[in-house]
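Structure, as structure tokens:
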Amino acid sequence: MMDAFQALAAGFGYPGPGSIEELKAAAAGIEEASIRKPFTRFVEKVTALGLEGWEELHTRTLDLSPVLVPYVGYAIWEDNYQRGAFLSDMQRAEREAGVDPHGELPDHLDPVLRYLAVAPEPIPGLLEILPQALATMSKNLKKAESANPYRFLLEAIAAVPIPVGGAA
């Protein structure tokens, strides 16, 4: 299942040349149908938009006054001291696992998913809050833009079994 986390993380990167092909290959490599089906729907929707359309969707959804705030800690605590402690823990864990956040905060879904893909024993704090954070993100996105394709990406992430006591 760790490959699924890596594949799904690609959906949160800023689209560029080759991104759609990368997503198609990632989707084809996911064996579990409960993950592959919603991820494939996401890929189909962004493919239909084309690169420029996907760039606009990505920016509208995740960057400028985002309709989907893709930060795990923020989904749970917003901006308070608990999130600060979580950010510190995630930064240390990602650094130890060799995950480059690519300029994102350590609780952004992109580095979080890439961390889960490589961490032999993910930090318990992340494992405890990730399902609730995904549910909150999905609910907020559905309320803001029910037809937004990123809902399929969140559905796919939620379908990946969360490793308990070590990697799955």
Side-chain angles (χ1 to χ4, degrees), residues 1-49 51 54 57-58 61-62 66 68-76 86 89-91 93-142 148-168:
M1 287 302 146
M2 295 303 102
D3 289 340
F5 284 125
Q6 188 70 35
L8 297 169
F12 288 99
Y14 189 79
S19 294
I20 290 174
E21 292 76 17
E22 178 185 344
L23 285 182
K24 287 179 180 178
I30 295 175
E31 293 179 17
E32 179 60 44
S34 64
I35 303 164
R36 186 183 62 253
K37 285 180 181 180
F39 187 45
T40 299
R41 291 201 64 199
F42 170 75
V43 174
E44 289 168 351
K45 297 288 185 183
V46 298
T47 298
L49 293 173
L51 183 57
W54 182 21
L57 174 69
H58 181 278
T61 304
L62 302 169
L68 168 60
V69 180
Y71 299 96
V72 174
Y74 185 87
I76 302 299
F86 178 69
D89 291 345
M90 285 303 303
Q91 182 177 37
E94 288 172 4
R95 188 175 336 118
E96 288 172 3
V99 173
D100 181 349
H102 301 298
E104 295 292 352
L105 291 173
D107 68 337
H108 187 282
L109 281 171
D110 177 22
V112 165
L113 295 172
R114 290 185 291 110
Y115 165 73
L116 286 170
V118 299
E121 291 194 36
I123 62 171
L126 172 61
L127 301 180
E128 291 168 12
I129 68 166
L130 184 59
Q132 181 184 349
L134 290 169
T136 299
M137 290 176 199
S138 292
K139 179 181 142 197
N140 292 342
L141 181 58
K142 183 177 181 180
N148 190 304
Y150 279 91
R151 73 188 190 277
F152 298 117
L153 188 53
L154 291 173
E155 182 182 335
I157 296 165
V160 181
I162 301 296
V164 178

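Note that this is a predicted model, so its numbers are computed, not measured.
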query: So, for Val160 and Ala4, which heavy atoms are closest and what is the spacing to 0.1 Å?
result: CG2-CB, 4.1 Å
- prompt: Nearest heavy-atom pair of Trp54 and Gly11: which atoms, and what distance?
  reply: CZ2-O, 4.2 Å
- prompt: Has the side chain of Ser19 got a donor or acceptor atom that lies under 3.5 Å from a matching backbone atom of Gly16?
  reply: yes
message: When you compare the side chain of Leu23 with that of Ile20, does any pair of heavy atoms fall below 4.5 Å?
response: no
- prompt: Is the distance between the ring centroids of Tyr150 and Phe42 less than 6.0 Å?
  reply: yes
- prompt: What are the two closest non-hydrogen atoms of Leu8 and Ala156, and how far apart are they?
  reply: CD2-CB, 3.7 Å
Value rounded to 0.5 Å, distance of CD in Glu94 from CG in Asp100: 9.5 Å
- request: Would you name the heavy atoms of Ile76 and Ala133 that are closest together and state the gap between them?
  value: CD1-N, 3.6 Å
query: Side chains of Leu153 and Phe12: closer than 4.5 Å at any heavy-atom pair?
result: yes
statement: Nearest heavy-atom approach of Ile123 to Ala93 is CG2-CB, 3.7 Å
task: Could you check if a side-chain atom of Val72 sits within less than 4.5 angstrom of a side-chain atom of Met137, using non-hydrogen atoms only?
output: yes
- request: Report yes if some heavy atom in the side chain of Leu113 is under 4.5 Å from a heavy atom in the side chain of Gln6; otherwise report no.
  value: no
query: When rounded to the nearest 0.5 angstrom, what is the spacing between CG in Leu49 and CD in Glu44?
result: 12.0 Å
message: How long is the straight-line distance from CD of Gln91 back to OH of Tyr115, given to the nearest 0.5 Å?
response: 13.0 Å
query: Hey, does the side chain of Arg114 reach the backbone of Leu109 with a donor-acceptor pair shorter than 3.5 angstrom?
result: no
task: Answer whether the closest heavy-atom distance between the side chains of Pro15 and Val46 falls below 4.5 Å.
output: no
The single option from Asn140, Asn148, Leu141 passing side-chain contact (heavy atoms from CB on, under 4.5 Å) against Leu68: Leu141
- prompt: Any side-chain heavy-atom pair from Ile157 and Phe39 closer than 4.5 angstrom?
  reply: no
query: Is it true that a side-chain atom of Asp110 and a backbone atom of Gly13 form a donor plus acceptor pair closer than 3.5 Å?
result: no
- request: May I ask you to test the Met90-Val112 pair for a side-chain heavy-atom distance under 4.5 Å?
  value: yes
Heavy-atom closest contact (Gly73 atom, Asp107 atom, distance): N-OD2, 3.0 Å
message: Measuring only between side-chain heavy atoms, which start at C-beta, is Phe86 closer than 4.5 Å to Leu126?
response: yes
message: Keeping Arg41 on the side-chain end and Phe152 on the backbone end, is there a donor-acceptor pair under 3.5 Å?
response: no
